[in-house]
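I have placed the structure first, in the form of structure tokens, so that the comments after it can refer back to it.
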Amino acid sequence: MLELQGVQVAMLNHGPIEVRRPTSLIRQFDPEAYNINLFLAGDGGLSQGGRQARLTAGQFVVLDTSRPYEGWRRCDRASAPHSTLTLQIPRLMMPLPSNVTDRLTAVPFDTRHGMGAVFARWVTGLVRDPGYFTRDDVSTLSSVTATLLAAALAPHLNSAVHDSSEVRRRRLRFQIDDFIQRNLADPALGAEAVAAAAQISVRQLYELFAEYDRTPAAWIRHLRLERCRRDLADPRLRGYPVHAIAARWGFTDPTTFSRAFRAAYGVPPGYFRRLSHREN
């Protein structure tokens, strides 16, 4: 699996499977993301929000992790070294209004031509040749992936998405996300610093985030907690104290970090680490 600042890309090899994400599982953990499943071999079906999509090789579908879905896949493992490419991308990274993108879940998209083909080649190349990129490329790769996915979806959206003002807001959101991702470790990162980097007022920044039902501080905290969760589960970082990992991602007060982590994931960070390492 390849992780690009919240964007995760992976190739899966499997035989026939059934998948189900019920409400009970969503309540336990929700990354608040879109899952994109690109069928490389075989066929299958997925349903969400009252829609059902039947897909074959060369098509992809978008699913919302915050809503229940079901699906099935039929694929011969022996004849398909890679059956499915999966991409998970936080909803707030998508340069599209959430109420628009929601109408595209459980809808098949073609990758044989147009921007769908460009998007499929891009994400396939990312996961097959990760050695071509360095750590310094991660932020750019993440933004390009979100842009290409939006471009692949755009022809199916209403005309409001193509308005020039929306395009400008889309670019601004990319700049803001990029700045936040690159500065998560800075304890001073806040709305003022983000607004200054984007050359907008703090009020404009809050208005932009209000479209996604979040505040800048909440989004920064979410991203920091995700980095801490990843590091706490990494056996290579077993020797790092919990408070050191928290400080690594901008949490200067261990007590505040512990409370925030427990509120987000249901368990204290130390317990989460022990549980993760025991499972590994």
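All heavy atoms count here, side chains included; hydrogens, waters and symmetry mates do not. For this chain, numbers begin at 1 and follow the sequence in order.
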Could you give the side-chain donor-acceptor pairs of residues 193-206 under 3.5 Å, partners two or more places apart or in another chain?
unit_1: Ser201; atom_1: OG; unit_2: Gln204; atom_2: N; d: 3.0
unit_1: Ser201; atom_1: OG; unit_2: Gln204; atom_2: OE1; d: 3.3
unit_1: Arg203; atom_1: NE; unit_2: Glu207; atom_2: OE2; d: 3.4
unit_1: Gln204; atom_1: OE1; unit_2: Ser201; atom_2: N; d: 2.9

field: Reported OG-to-CG distance for the pair Ser83 and Leu38, which is rounded to 0.5 angstrom
entry: 11.5 Å
task: Could you please spell out the steps behind the side chain to side chain contact (heavy atoms under 4.5 Å, CB included) verdict for Leu85 and Asn37?
output: CA-CA 6 Å; Leu85 184 147; Asn37 289 264; over 6 Å; no
- prompt: So which heavy atom on Met11 is nearest to which on Val127, and how close?
  reply: CG-CG1, 3.4 Å
task: Could you tell me whether the side chains of Glu226 and Tyr265 share a donor-acceptor contact shorter than 3.5 Å?
output: yes
message: Starting from Leu232, can I reach Leu275 by hopping between I/L/V/M/F/W/Y residues whose side chains sit under 4.5 Å apart?
response: yes
- prompt: Is any side-chain heavy atom of Trp219 less than 4.5 Å from a side-chain heavy atom of Ile180?
  reply: yes
- request: Flag yes if more than 12 heavy atoms outside Glu3 fall under 6.0 Å of its CD atom; otherwise flag no.
  value: yes
- request: Determine yes or no for a side-chain-to-main-chain donor-acceptor pair under 3.5 angstrom, with Arg214 supplying the side chain and Phe209 the backbone.
  value: no
field: Sub-4.5 Å side-chain heavy-atom contact between Val9 and Val7
entry: yes
query: Rounded to the nearest 0.5 Å, what separation is found between the CD atom of Gln181 and the CD1 atom of Ile220?
result: 10.5 Å
- prompt: Do the non-hydrogen side-chain atoms of Asn35 and Leu87 ever get within less than 4.5 Å of each other?
  reply: no
query: Quick check, are the ring centers of Phe109 and Phe119 under 6.0 angstrom apart?
result: no
query: Do the non-hydrogen side-chain atoms of Asp43 and Trp72 ever get within less than 4.5 Å of each other?
result: yes
task: Measure centre to centre between the rings of Phe60 and Phe39, then say whether the value is under 6.0 Å.
output: no
- request: Please confirm whether the backbone N or O of Val138 pairs with a side-chain atom of Ser142, one donor and one acceptor, at under 3.5 Å?
  value: no
field: 4.5 Å side-chain heavy-atom contact, Leu225 and Phe251
entry: yes
query: Is it the case that Asp30 and Thr65 place a side-chain donor and acceptor less than 3.5 Å from each other?
result: yes
- prompt: Has the side chain of Arg20 got a donor or acceptor atom that lies under 3.5 Å from a matching backbone atom of Gly71?
  reply: no
field: From CA spacing to verdict: side chain to side chain contact (heavy atoms under 4.5 Å, CB included), Arg262, Val267
entry: CA-CA 5 Å; Arg262 184 165 191 163; Val267 295; 5.9 Å; no
- line: Closest heavy-atom pair, Arg51 versus Val107, reported as atoms and distance to 0.1 Å, is NE-CG2, 3.9 Å
message: Is there a path of hydrophobic side-chain contacts, each under 4.5 Å between heavy atoms, that joins Val123 and Leu55?
response: no
query: Do the non-hydrogen side-chain atoms of Pro108 and Val61 ever get within less than 4.5 Å of each other?
result: no
Name of the residue among Arg21, Glu32, Arg91 meeting side-chain hydrogen bond (donor to acceptor under 3.5 Å, both in side chains) with Ser66: Arg91
field: Heavy-atom pair with the smallest gap, counting every atom of Pro31 and Gln88
entry: CB-NE2, 3.7 Å
- prompt: Any donor-acceptor pair under 3.5 Å linking the side chain of Thr111 with the backbone of Gly58?
  reply: yes
statement: When every non-hydrogen atom of Pro68 is compared with those of Ile26, the smallest separation belongs to N-CD1, 3.5 Å
task: Measure across Ala146 and Met93 and return the closest heavy-atom pair with its distance rounded to 0.1 Å.
output: CB-O, 3.8 Å
field: Euclidean distance, Leu153 CG relative to Ile36 CD1, rounded to 0.5 Å
entry: 7.5 Å
- request: Any chance you could measure Leu63, atom CG, to Gln48, atom CD, to the nearest 0.5 Å?
  value: 5.0 Å
field: Gap separating the NE2 atom of His243 from the OG1 atom of Thr255, nearest 0.5 angstrom
entry: 12.0 Å
task: Please report the closest heavy-atom contact between Gly6 and Pro90, naming both atoms and the distance.
output: O-CD, 3.3 Å
query: Is there a donor-acceptor contact under 3.5 Å from the side chain of Arg273 to the main chain of Ala233?
result: no
- request: Would you check if Leu237 and Arg248 make a side-chain contact, meaning some heavy-atom pair closer than 4.5 Å?
  value: yes
- request: Show your working on side chain to side chain contact (heavy atoms under 4.5 Å, CB included) between Cys228 and Phe257 and close with a plain yes or no.
  value: CA-CA 10 Å; Cys228 291; Phe257 165 68; 3.6 Å; yes
message: A quick test of your reading: do over 12 heavy atoms of other residues, nucleotides or ligands sit less than 6.0 Å from CZ of Arg259?
response: no
message: Hydrophobic clustering (ILVMFWY, side-chain heavy atoms < 4.5 Å, transitive) - are Tyr34 and Leu25 grouped together?
response: no
- prompt: Have Thr84 and Arg73 got a donor and an acceptor in their side chains that come within less than 3.5 Å?
  reply: yes
message: My understanding is that only residues two or more places apart in sequence, or in another chain, count here; which of them pass salt bridge (Lys or Arg N to Asp or Glu O under 4.0 Å) with Arg227?
response: none
message: Pair Trp122, Val144 - check side chain to side chain contact (heavy atoms under 4.5 Å, CB included), show working.
response: CA-CA 9 Å; Trp122 168 260; Val144 171; 3.6 Å; yes
task: Verify, without hydrogens or angle tests, whether Thr145 (side chain) and Leu141 (backbone) share a donor-acceptor contact under 3.5 angstrom.
output: yes
field: Inter-residue atom distance Arg230.CZ - Trp249.CH2, 0.5 Å rounding
entry: 5.0 Å
task: Give the cluster check for Val62 versus Tyr69: same hydrophobic cluster or not, with ILVMFWY residues linked at side-chain heavy-atom distances below 4.5 Å.
output: no
Check: Val19 and Glu70 side chains under 4.5 Å, non-hydrogen atoms: no
query: Is a side-chain donor or acceptor of Asn183 paired with a backbone partner of Asp186 at a separation under 3.5 angstrom?
result: no
